[in-house]
2 protein chains.
Amino acid sequence: MNKNKENKPVTMRDVAQEVGVSVATVSRALRNPEVVSEALKSKIAAAIESLGYLPDPAARALASTRSDVIAVILPSISNNVFAAVMDGIYSAVEGTRYSVQLGYSRYAPLSEENLIRLFLRQRPAGMIVTGIDQTDAAQALLADAGCPVVQVMETGPAPHDLMIGFSHYDAARAATAHLIEQGYRNPGFLGARMDPRTQRRLHGFRDELRARGIDEGRRVHTTTRPSSVTLGGHLLAELLGVAPETDAIFCINDDIALGAMFEAQRRNLRIPDELGICGFNDMEMMGAAEPPITSVRTFRREMGEGAVQLILDALAGDVPEAGKVVDLGFQIMPRRSTMRGR
Amino acid sequence: MNKNKENKPVTMRDVAQEVGVSVATVSRALRNPEVVSEALKSKIAAAIESLGYLPDPAARALASTRSDVIAVILPSISNNVFAAVMDGIYSAVEGTRYSVQLGYSRYAPLSEENLIRLFLRQRPAGMIVTGIDQTDAAQALLADAGCPVVQVMETGPAPHDLMIGFSHYDAARAATAHLIEQGYRNPGFLGARMDPRTQRRLHGFRDELRARGIDEGRRVHTTTRPSSVTLGGHLLAELLGVAPETDAIFCINDDIALGAMFEAQRRNLRIPDELGICGFNDMEMMGAAEPPITSVRTFRREMGEGAVQLILDALAGDVPEAGKVVDLGFQIMPRRSTMRGR
DNA sequence: TTGACGAATGTAACCGCTTACATTACCCCT
DNA sequence: AGGGGTAATGTAAGCGGTTACATTCGTCAA
């Protein structure tokens, strides 16, 4: 029953009439309960319940020049990594009065900028953007967004406002170190998409090799094509073509790693003895594969939840904790695919 | 430059003043271009451009009692299947004046009902819901939603309004038939989650066996747990425990199939000779696996795109095509994992 | 010439809610 | 008893658009 006789939605006025008070009082009962008497509050609550009143978000946003939406901009939908972040975001928002407005930039900074501009028109309660590689114009927009802004998926020295993520560079170095410590002497790199985040991982890979005095040779193989399991197989095949000495691969993500593993099996390469494989993100399948595949665990769901929490805190917070950076870290998950022993 | 001197957003009034016309004219230039003179239209467009005006969606929604959002309710984020549908939805919406409002029901009909109620408050331009298993209350809500409603992921005899999908029952029967035609005599069924859609697939599996005079024995193994690759392995292990005669499995989705494949490899079962494996949905990895895994291809992206298109058409359409059902069908993708030959 | 008419634009009410400010009703003090 | 507070509620002005209706103006037929 959220329509009245004329089949029009129940408005706040209907509730006010039912109780015999002014709309202002009903509005206050909802937004500022502490200034309304207990007696009225319970009558109003009862009327809301019996009439099935639900506030009109547009009217609320217009009148208060502030909407209850948290705007989220991610690069991609189909990428599981972001799905997990979304999952965290949604579950953190659930039960609060906020809702999520989602936009996809398709990895295009310009389209991200437009989305930011568009979303800002809604005067969102908060904003979550991916990474730190916004255009200058986008940076400027975020700078006076008028709401808490969280950058997710990375950590860095100069957050706009809030930030939660981990260091792709450090994670890649750690993974590379793991390979080397397992005795692999000629590790290669398989990269796809190669957006700024992936670039930082490549950077970490290279620096770690350099630090250990290992020449990367021709073993860094990347493409700008979007990643897929199939692509992982192709990349490995190509890499082995130009650099047959490769004895291990650090893959930019788990799809690539899985595809590379299948390709290795097709070639009857023994994993981990002849080829070590390490993925990135540690999706659920990595531990279930045969052999189980080493990966770098990242806390994607937690990133989403944490981002929302940062916004909620900033919104509630008497002390706005601007400039806060949360480093969720990462965790190398060593599995059979790199367990060569020495 | 979408803020004026006082750092307030540029409103329609600013545009009107710039051009020297009333706000009404600006509004009409945007909503009803055909009633405004060419001269004014171009001056208004220029002013909008130079001022960087962007309409306030809340004000628009409030005044027109109609918002430009298409509300979408899906059961889950993390499930790749729905990510693909979303992908289609977003890409079809891109470039139109509509935006997407997304909600997740977590497979809970009650929470779906609440979402529908909530979203309807926004007077959406259209609504996309998953499947046909809404609660009675939800059905009632949809019945007078006041906007086009599309049910996706299924086909069925009695759509609410619009519908686009395929028959899970038919697809499962076809997959089962494929297994039998490949010479498997004791096919089993591995199911997870077991929501209504999955139930219909199980139904198809059973009916096909019955039609062929094959006893299912104890080879139907299901759980309500959410599916995962790991679970696929467990399910196969359990199934083989109670029904060692199983020579093929029809898996409720590709994750389960992949997990089962890994488990089979762990047990040194020869695929496809000793065990045939068929998945469902035909995600990208299936063709890349080693061996490649047979699956039932479904048109998920197309479902999302099609759903939006149906709404757009209904919105534009002078002739509302209510009751339209689009069957996108499915396609068996036979691969090595079931190629036993005779 | 004049009045009817249609096209183009303006006027103003309204969408449903928020909120600054005004009002009312007590309560407590002096 | 009268005055100053304070807490609770009402009044009304927006928020930024949309749209029914009014107005203006040029065109054209009688």
Side-chain angles (χ1 to χ4, degrees), chain A residues 2-4 6 8-44 47-48 51-69 97 120-125 146, chain B residues 2-4 6 8-44 47-48 51-69 97 120-125 146:
Chain A
N2 66 337
K3 305 267 185 117
N4 55 25
E6 300 87 32
K8 293 167 63 93
V10 175
T11 71
M12 193 174 270
R13 185 184 10 236
D14 299 326
V15 175
Q17 273 171 359
E18 175 86 3
V19 181
V21 297
S22 70
V23 266
T25 302
V26 177
S27 174
R28 277 187 294 251
L30 263 34
R31 309 291 279 186
N32 272 62
E34 63 277 11
V35 307
V36 177
S37 69
E38 288 303 327
L40 275 190
K41 260 190 297 198
S42 58
K43 286 170 74 175
I44 289 172
I48 286 177
L51 265 49
Y53 167 75
L54 281 174
D56 180 326
R60 173 174 283 188
L62 184 56
S64 65
T65 59
R66 178 121 316 296
S67 75
D68 287 345
V69 337
R97 62 196 182 90
L120 247 26
R121 264 331 301 258
Q122 301 191 35
R123 304 157 176 289
Chain B
N2 67 337
K3 306 263 185 120
N4 55 26
E6 300 87 36
K8 292 167 63 93
V10 176
T11 70
M12 192 174 271
R13 180 175 22 229
D14 299 326
V15 176
Q17 274 171 359
E18 175 88 3
V19 180
V21 296
S22 70
V23 265
T25 303
V26 178
S27 174
R28 276 188 294 252
L30 263 33
R31 310 291 279 188
N32 272 61
E34 61 277 12
V35 306
V36 178
S37 69
E38 288 303 326
L40 275 189
K41 259 190 297 198
S42 59
K43 286 170 74 175
I44 288 172
I48 287 178
L51 265 49
Y53 166 75
L54 282 174
D56 180 326
R60 175 174 280 188
L62 183 56
S64 66
T65 58
R66 179 126 307 302
S67 75
D68 286 345
V69 336
R97 61 196 183 89
L120 247 26
R121 263 334 300 256
Q122 302 190 35
R123 304 157 175 288

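Chain letters run A, B, ... following the sequence lines, proteins first and then strands; every chain starts at 1.
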* Can you tell which of A/L30, A/V26, A/D14 makes a side chain to side chain contact (heavy atoms under 4.5 Å, CB included) with A/Y53? -> A/L30

* Rounded interatomic separation in angstrom, taking CG from B/D56 and P from C/dC15 -> 18 Å

* So how far off straight is the helix from C/dT1-D/dA30 to C/dT30-D/dA1, going by the axes through five pairs at either end, to 10°? -> 60°

* Structure fact -> Note: chain B reaches DNA chain D at heavy-atom distances under 4.0 Å over the stretch, first to last nt, 5' to 3', of D/dG16 to D/dA20

* Structure fact -> residues 15-26 of chain A vs side chain to side chain donor-acceptor pair (under 3.5 Å), sequence neighbours excluded, gives A/S22-A/T25

* Rounding to a whole Å, what distance do you find between A/R123:CZ and C/dC17:P? -> 19 Å

* Between the main-chain N or O of B/P124 and the side-chain N or O of B/R66, is there a donor-acceptor pair closer than 3.5 Å? -> yes

* To do: Not counting sequence neighbours, which residues clear side chain to side chain donor-acceptor pair (under 3.5 Å) with A/R97? List them please.
  => A/D68

* side-chain contact (heavy atoms from CB on, under 4.5 Å) partners for A/A63, two or more places apart -> none

* By nearest nucleotide on DNA chain C, pick out whichever of A/P55 and B/G20 is the more 5' one. => B/G20

* **N/O donor-acceptor pair under 3.5 Å between A/S67 side chain and A/A61 backbone** => no

* Testing B/V19, B/V15, B/V10 for side chain to side chain contact (heavy atoms under 4.5 Å, CB included) with B/I48, which one passes? -> B/V15

* **Strand contacts (DNA chain C) in residues 59-68 of chain B, 4.0 angstrom heavy-atom criterion** => B/L62, B/A63

Show me the donor-acceptor pairs, under 3.5 Å and distance only, between side chains in residues 32-43 of chain B and residues at least two apart or in other chains.
residue, atom, partner, partner atom, Å
B/S37, OG, B/L40, N, 3.4
B/E38, OE2, B/K41, NZ, 3.2
B/K41, NZ, B/P33, O, 3.0
B/S42, OG, B/E38, O, 3.4
B/S42, OG, B/A39, O, 3.0

* **Qualifying residues under side-chain contact (heavy atoms from CB on, under 4.5 Å), relative to A/T65, sequence neighbours excluded** => A/R123

* Can you measure from CE (A/M12) to OG (A/S27) and round to the nearest 0.5 angstrom? => 4.5 Å

* **5'-most by nearest nucleotide on DNA chain D - A/E38 or A/A24** => A/E38

* Specify the residues of residues 25-36 of chain A, ordered by number, for which at least one heavy atom lies under 4.0 angstrom from an atom of DNA chain C. => A/S27, A/R28, A/R31

* To do: Mark yes when over 12 heavy atoms from residues, nucleotides or ligands other than A/R13 sit less than 6.0 Å from its CZ; otherwise mark no.
  => no

